[in-house]
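What follows is a set of notes on a single structure, which appears directly below.
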Amino acid sequence: MKKVERINIIMRYINNRASFTISEIMREFNISRSTAIRDIREVEAMGMPLVAEVGRDGGYFVMNNSVLPTVRFTDNEIKALFIAFMATRNQQLPYLKSRQSLAEKLLGLISQNQQDDLVLLNQILLFEGTNPNNPDLLELSDLPHPILEKLIQLLLSDSCLLLTMNEGNTIKSYPIYLLHLYREKSLWLIEGFDLKEEKRQIFSVDNLTDVEPYPVNKRLSRKKIREKLSKQEEASNLVLELGPKAIAQFKKYHPFKLSISYTDPFQTRAILKTYVNVNHSEELAEMTNWLLFLGGNIKVRELPKEMVEGLQERFAQYRPQV
């Protein structure tokens, strides 16, 4: 019996009973305990509302002895899903290798009138990365890094990973405790605690050639990692007060690690505190550019002298020649 066929039969078997045990499933379908557990989890994932009963004689029972009702979307929910889907074009997102298939399934769930609305939205809405002359054209940049999905699957079950990176002509391995996986400036980046160097590091997914779980016997405890990270936190050397225009600019774009704290109930004033590594030339240049991007609606409380020098050089470039 094929797996899909067995799952469907198990679902009908479960739905016709008030309760059942794993042993009953094993006997009825002549399968192992591990297979029975996997099949029950798949049945749950398909929408069967099962409740586990703990104890020696525990098992499962079906809530109200029925499957969940068919999911139905309102007109506004359909539009929200479709617009969000359109906005992901050319965003290098994982699990979107078959956009056509996903779009067809979404359209198959809705009425003809709803489909007509989505066709019209597709014609008039343009997002960043959309070709205005051919909105349905997807660029090659839409494809994510081939190892990104494997990375996400691993980190869902394990935070300690061994990264293999291609750095020029050198292959290096880094054992890390993953802190964040994020996307900034069209690049997927890994923020992790290097278990060997015992410090926070950023790695580009574009340079990743392989990833696998890090051996358990070589790991540090999560508590110890957090303690080491807290001791390494640098004191703020960039402190800004932001007015309403600067806050609006901040919302348009800000580096991943930055956040603001509002200082009034109307959220028209805010304060930003962070540490800038002035010995890292790329970070220093980026933060200097971003400070100019914020505009003049800021008040500087504290600024590294290296950033002051960088700003003076920028202004000198635009000084009129006499």
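Counting begins at 1 with the first residue of the sequence.
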Can any side-chain N or O of [X] pair as donor or acceptor with the backbone N or O of [Y] at less than 3.5 Å?
X    : Y    : answer
T288 : L284 : yes
Q267 : P244 : no
H145 : I147 : yes
E241 : R301 : no
S173 : T164 : no
S236 : L238 : no
E77  : T74  : yes

Is it the case that atom [atom1] in [X] sees more than 12 heavy atoms from other parts of the structure closer than 6.0 Å?
X    : atom1 : answer
E282 : CD    : no
N169 : CG    : no
K172 : NZ    : no
N30  : CG    : no

Any chance you could lay out the side-chain contact (heavy atoms from CB on, under 4.5 Å) test for L229 and L179, step after step, and finish with the verdict? CA-CA 11 Å; L229 283 171; L179 300 171; 3.9 Å; yes

If we check side-chain contact (heavy atoms from CB on, under 4.5 Å) with Q123, which of these qualifies: L120, L121, L126?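 It is L120; the other options fail the test.
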
Looking at the rings of F29 and Y13, which for Trp means the six-membered one, are their centres under 6.0 Å apart?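 Yes, the ring centres sit under 6.0 Å apart.
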
Without hydrogens or angle criteria, can the side chains of [X] and [Y] be said to hold a donor-acceptor pair below 3.5 Å?
X    : Y    : result
Q153 : K150 : no
Q114 : D75  : yes
Y262 : R269 : no
D194 : Q201 : yes

Is there a path of hydrophobic side-chain contacts, each under 4.5 Å between heavy atoms of I/L/V/M/F/W/Y residues, joining [Y] to [X]?
X    : Y    : answer
I271 : L258 : no
F193 : L162 : yes
M165 : Y214 : no
I110 : L125 : yes
Y174 : L161 : yes

Between [Y] and [X], is there a side-chain heavy-atom distance shorter than 4.5 Å?
X    : Y    : value
V43  : I40  : no
E233 : R200 : yes
I25  : I31  : yes
L294 : L240 : yes
I22  : R33  : yes
R219 : D158 : yes
K185 : E286 : yes
I176 : I190 : yes

Would you call the rings of Y60 and F20 parallel, tilted or perpendicular, where under 30° means parallel and over 60° means perpendicular?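 The rings of Y60 and F20 lie parallel, inter-plane angle below 30°.
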
Look up atom [atom1] in [X] and atom [atom2] in [Y], then write down how far apart they are to the nearest 0.5 Å.
X    : Y    : atom1 : atom2 : result
N166 : L208 : CG    : CG    : 10.0 Å
Q115 : I78  : CD    : CD1   : 9.5 Å
E24  : R27  : CD    : CZ    : 6.0 Å
D39  : I10  : CG    : CD1   : 4.0 Å
L50  : M11  : CG    : CE    : 8.5 Å
W290 : E283 : CH2   : CD    : 12.5 Å

If you apply the rule side-chain contact (heavy atoms from CB on, under 4.5 Å), what do you find for L291 with L303, and how did you get there? CA-CA 11 Å; L291 197 62; L303 191 69; 3.9 Å; yes

On a heavy-atom basis, which atom in [X] and which in [Y] lie closest, and how many Å separate them?
X    : Y    : answer
S259 : F250 : CA-CZ, 3.9 Å
E212 : L154 : CA-CD1, 3.8 Å
F82  : L118 : CE2-O, 3.3 Å
K245 : N297 : N-OD1, 2.9 Å
V205 : L189 : CG2-N, 4.2 Å
E184 : H254 : OE2-O, 4.1 Å

side-chain contact (heavy atoms from CB on, under 4.5 Å) between N237 and Y275: does it pass, once the steps are laid out? CA-CA 5 Å; N237 60 359; Y275 172 77; 3.7 Å; yes

I'd like to know whether F256 forms a side-chain contact (heavy atoms from CB on, under 4.5 Å) with H180, so could you lay out the CA-CA distance, the side-chain angles of the two residues, the decisive distance to 0.1 Å, and finally the verdict. CA-CA 10 Å; F256 169 78; H180 296 100; 3.9 Å; yes

Sequence-distant partners of S34, side-chain hydrogen bond (donor to acceptor under 3.5 Å, both in side chains), two or more places apart: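 side-chain hydrogen bond (donor to acceptor under 3.5 Å, both in side chains) check on S34 returns S32.
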
